[in-house]
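What follows is a single structure, written as structure tokens, with notes after it.
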Amino acid sequence: MSIGLTRLREEPDRIRQGAIDKGEDPAVVDAARALEGRRRQLLGESDLLKAERNVASKRVGEAIRGGAAPNGPEVAALKQTSTEAGAQIEKIDADLAAAETQLEEMLLRIPNPADPDVPVGDASANRTVRTWGEQLPREATTDGQAWSRRPHWDIGADLKMFDLERGAKITGSGFPVYMGAGSRLQRALIDFMLDIHTTEHGMTEVWPPAVVNSASARGTGQIPDKEDLMYVAPRDDLYLVPTAEVPVTNLHRDEIFDAAELPIRYAAYSPCFRREAGAAGKDTRGILRVHQFDKVEMVFFEKPEASAEALEWLTGRAEVILQRLGLAYRVLLMATKDMGFVQAKKYDLEVWAPGVERWLEVSSCSNFRDYQARRMAIRYRPEPGAKPELVHTLNGSGLALPRTVAAILETYQQPDGSVVVPEALRPYMRMDRITA
RNA sequence: GGAGAGGUCGCCUAGUGGCCUAGGGCGCCGCACUGGAAAUGCGGUAUAGCGCAAGCUAUCGAGGGUUCAAAUCCCUCCCUCUCCGCCA
């Protein structure tokens with residue numbers, strides 16, 4: 001996850017401004033440039049000495065084959081040349097390694113500049129680009145009877161769909177147990193979403209491992225930056241995935257595609273594990289913020305020139321799910337300081353939950369451009385025989401389950417306490433209505 | 001978990017310390033031949049960094065070591081395959 005050296009050299013001003021727009025310190029940009037120059041100089045010296053050493057070593061072989069005594073003075077002199085060069089190389093390479101480590105650290109602290117059409121500012125600059133559906137009020141009237149829509153935790157408890165207390169008993173707070181219709185709703189939603197993305201949207205379905213090794217965690221930038229947010233199995237050097245983005249994006253780490261293979265578009269279900277350290281006290285009720293949840297994630301690998309449009313399409317595919325479920329939502333274009341360090345452009349989808357009277361984030365759709373691909377060395381060949389270039393990566397939820405479930409329960413609840421199953425889910429739920 | 005065999009340039013393969021700046025075949029690209037094609041012949045076909053360029057450097061699963069010199073020898077680790085054990 002980093003900025004490219006070429007780009008750093010060619011447009012430092014834009015990168016510096018990008019850092020400022022995201023509220024980061026632009027000084028690292030200059031520090032990186034200085035280190036890059038030092039690295040280049042040391043590398044030149046090292047390469048030169050290595051060339052000398054190689055020549056001397058080769059002459060040793062030639063001399064011996066030519067009849068010189070293997071332990072004679074001629075050979076000894078050549079060996080000494082090589083040894084001396086080797087000693088110098090060792091010193092320079094140590095400096096070089098240090099410079100490269102520092103450079104890498106600096107590069108990791110330079111954020112991906114936002115696209116030009118992203119509003120500059122903090123969360124207050126986020127722009128609502130569109131809304132869909134009817135934003136139901138909490139206070140409702142049905143057949144002349146006034147009633148209040150209830151929050152999903154009450155509905156879920158009454159209909160025995162999930163059990164938070166027992167989840168806390170067997171595992172801990174934030175690990176809900178889904179039961180009965182609640183369990184079936186999980187299955188139905190996963191099945192429903194994957195069906196739409198594969199059958200209608202042409203994506204390839206992936207069912208990835210829920211744990212990854214450290215190389216993969218590093219690839220998508222989970223470590224070292226976000227290690228606190230993940231569950232770790234240190235004994236086996238494995239990490240529980242916080243999102244399917246991690247295993248699925250890493251599928252193609254260190255690969256080079258032919259241009260004809262792109263775009264590659266995946267839809268992947270996975271459980272997601274998040275420690276959310278420091279987030280205690282917020283959204284503690286219900287299933288709005290939990291340590292384990294389920295999600296269908298979309299991951300795209302695109303040609304650079306196609307990624308901007310692909311983000312719009314990707315976002316639209318997540319919206320399709322909400323539309324089919326008949327849930328009111330809005331699409332937010334995130335401002336520079338609210339969008340994250342690595343995203344170039346990001347849309348959040350928020351679904352309306354009338355019981356708690358809040359917009360709930362159910363999807364976050366991002367274009368990383370080449371920033372993520374660089375660290376993972378995911379490239380493609382624009383033309384046969386051409387030099388490989390970095391692909392652009394994108395991803396977005398389609399969708400995260402818990403908040404979708406909350407919105408369904410709160411949107412479709414009836415005055416009698418039952419919940420009508422959204423039309424699109426009925427074939428998957430094999431029921432029209434959830435009752436106690 | 002135990003025993004054994006392996007991991008080389010897209011694929012197959014050669015390679016047991018210095019003519020390996022990794023050879024051959026397949027595939028692919030270009031050219032020639034052809035009415036067109038097949039076949040054939042010739043040439044080219046990894047990635048990254050540095051350099052205006054010629055070119056130099058690094059990489060033979062990963063990392064360390066021995067040596068003037070490592071694909072090749074030594075150590076550690078990872079992965080694949082076969083057999084055994086265990087197991088949803």
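Each chain gets a letter, A, B and so on, in the order its sequence line appears, and its residues count up from 1. Note that this is a predicted model, so its numbers are computed, not measured.
Ring orientation note: the planes of A:H252 and A:Y266 are close to parallel, at an angle under 30° on the 30°/60° scale.
Nucleotide B:rC11 has B:rG25 as its partner under the Watson-Crick or G-U criteria, with both atom distances under 3.5 Å. Partner assigned to B:rG30 is B:rC42, using Watson-Crick or G-U wobble distances below 3.5 angstrom. When Watson-Crick and G-U wobble pairs are counted only if both distances are under 3.5 Å, B:rA53 pairs with no nucleotide at all. Within the shown strands, nothing qualifies as a pairing partner of B:rG36 under the Watson-Crick or G-U definition with both distances less than 3.5 Å. Nucleotide B:rU66 forms a pair with no other nucleotide shown, judged by Watson-Crick or G-U wobble geometry with both contacts under 3.5 Å. With both pairing distances under 3.5 Å, B:rU72 is matched to nothing as a Watson-Crick or G-U wobble pair. Base pairing of B:rG17: no nucleotide in any strand meets the Watson-Crick or G-U wobble criterion (both distances under 3.5 Å). With a 3.5 Å ceiling on both atom-pair distances, the Watson-Crick or G-U wobble partner of B:rA58 is B:rU47.
Taking the C1' atoms as reference points, B:rG61 lies 7 Å from B:rC79, given to the whole Å. B:rG23 and B:rC68 are spaced 26 Å apart, taking the C1' atom of each and rounding to whole Å. With C1' as the reference atom, B:rA39 and B:rA54 are 40 Å apart, rounded to whole Å. Between the C1' atoms of B:rA22 and B:rU8, the separation comes to 8 Å (whole Å). Only the P atoms considered, B:rU21 is 31 Å distant from B:rC77, to the nearest whole Å. Across the P atoms, B:rG2 and B:rU76 are found 14 Å apart, a figure rounded to whole Å. Nucleotides B:rG49 and B:rG44 are separated by 25 Å at their P atoms, to the nearest Å. Distance check on atom P: B:rC84 versus B:rG10 gives 35 Å, rounded to whole Å.
Counting heavy atoms from C-beta outward, A:V342 and A:Y371 have side chains that approach closer than 4.5 Å. Residues A:E361 and A:V351 have side chains not in contact (no heavy-atom distance under 4.5 Å, counting atoms from C-beta outward). Here the side chains of A:M298 and A:R265 are not in contact, with every heavy-atom distance at 4.5 Å or above. Side-chain contact between A:V296 and A:L399: absent, with no pair of heavy atoms (C-beta onward) separated by less than 4.5 Å. Here the side chains of A:L314 and A:Y347 are not in contact, with every heavy-atom distance at 4.5 Å or above. Between A:N395 and A:F300 there is no side-chain heavy-atom pair separated by less than 4.5 Å.
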What's the verdict on side-chain contact (heavy atoms from CB on, under 4.5 Å) for A:E261 and A:D258, showing C-alpha distance, side-chain angles and the deciding distance?
CA-CA 5 Å; A:E261 293 178 89; A:D258 290 332; 3.6 Å; yes
Between A:S270 and A:K295, is the side-chain hydrogen bond (donor to acceptor under 3.5 Å, both in side chains) condition met? List the steps.
CA-CA 6 Å; A:S270 88; A:K295 179 161 64 65; 5.8 Å; no
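For A:V60, counting side-chain heavy atoms from C-beta on, the closest listed nucleotide (B:rU57, B:rG18, B:rC50) is B:rG18. When each of B:rG49, B:rC68, B:rU57 is scored by its nearest atom to the side-chain atoms of A:K50, the top-ranked nucleotide is B:rU57.
Counting any heavy atom pair closer than 4.0 Å across all strands shown, A:L78 reaches no nucleic acid atom. Using a 4.0 Å heavy-atom cutoff across all strands shown, A:I64 reaches at least one base atom of the nucleic acid. Using a 4.0 Å heavy-atom cutoff across all strands shown, A:A51 reaches sugar-phosphate atoms only and no base atom.
As a whole-Å value, the separation of A:D93 CG from B:rG64 C1' is 15 Å. Look at CG on A:L43: it is 7 Å from C1' on B:rU57, rounded to the nearest Å. The CZ-C1' distance, from A:R59 to B:rC68, rounds to 13 Å in whole Å. Computed from coordinates, the A:K79 NZ to B:rU67 P distance equals 11 Å when rounded to whole Å. When rounded to the nearest whole Å, the span between CD1 of A:I92 and C1' of B:rA58 equals 16 Å. In this structure, CZ of A:R53 is placed 7 Å from P of B:rA58, rounded to the nearest angstrom. Taking atom CD of A:E90 as the reference point, atom C1' of B:rC68 lies 14 Å away to the nearest angstrom. One interatomic measurement links the two molecules: CD of A:E52 to P of B:rU57, which rounds to 11 Å at whole-angstrom precision.
One can find a donor-acceptor pair under 3.5 Å joining the base of B:rG49 and the side-chain atoms of A:D47.
RNA chain B is contacted by both A:E62 and A:N54; A:E62 maps to the nucleotide lying nearer its 5′ end (nearest heavy atom per residue). Each of A:Q80 and A:R9 lies near RNA chain B, and the nucleotide nearest A:R9 is the one positioned closer to the 5' end.
Put simply, the residue from A:D115, A:T393, A:N112 that forms a side-chain hydrogen bond (donor to acceptor under 3.5 Å, both in side chains) with A:R369 is A:D115.
Listed pair A:R40 / B:rG51 meets the phosphate criterion, a side-chain N or O lying under 4.0 Å from OP1 or OP2.
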Identify all pairs in which a protein N or O lies below 3.5 Å from an N or O of nucleotides 43-48 of chain B, and state each distance.
| residue | atom | partner | partner atom | Å |
| --- | --- | --- | --- | --- |
| B:rU47 | OP1 | A:R381 | NH1 | 2.5 |
| B:rU47 | OP1 | A:R381 | NH2 | 3.3 |
| B:rU47 | O3' | A:R379 | NH1 | 2.9 |
| B:rA48 | OP1 | A:R379 | NH1 | 3.2 |

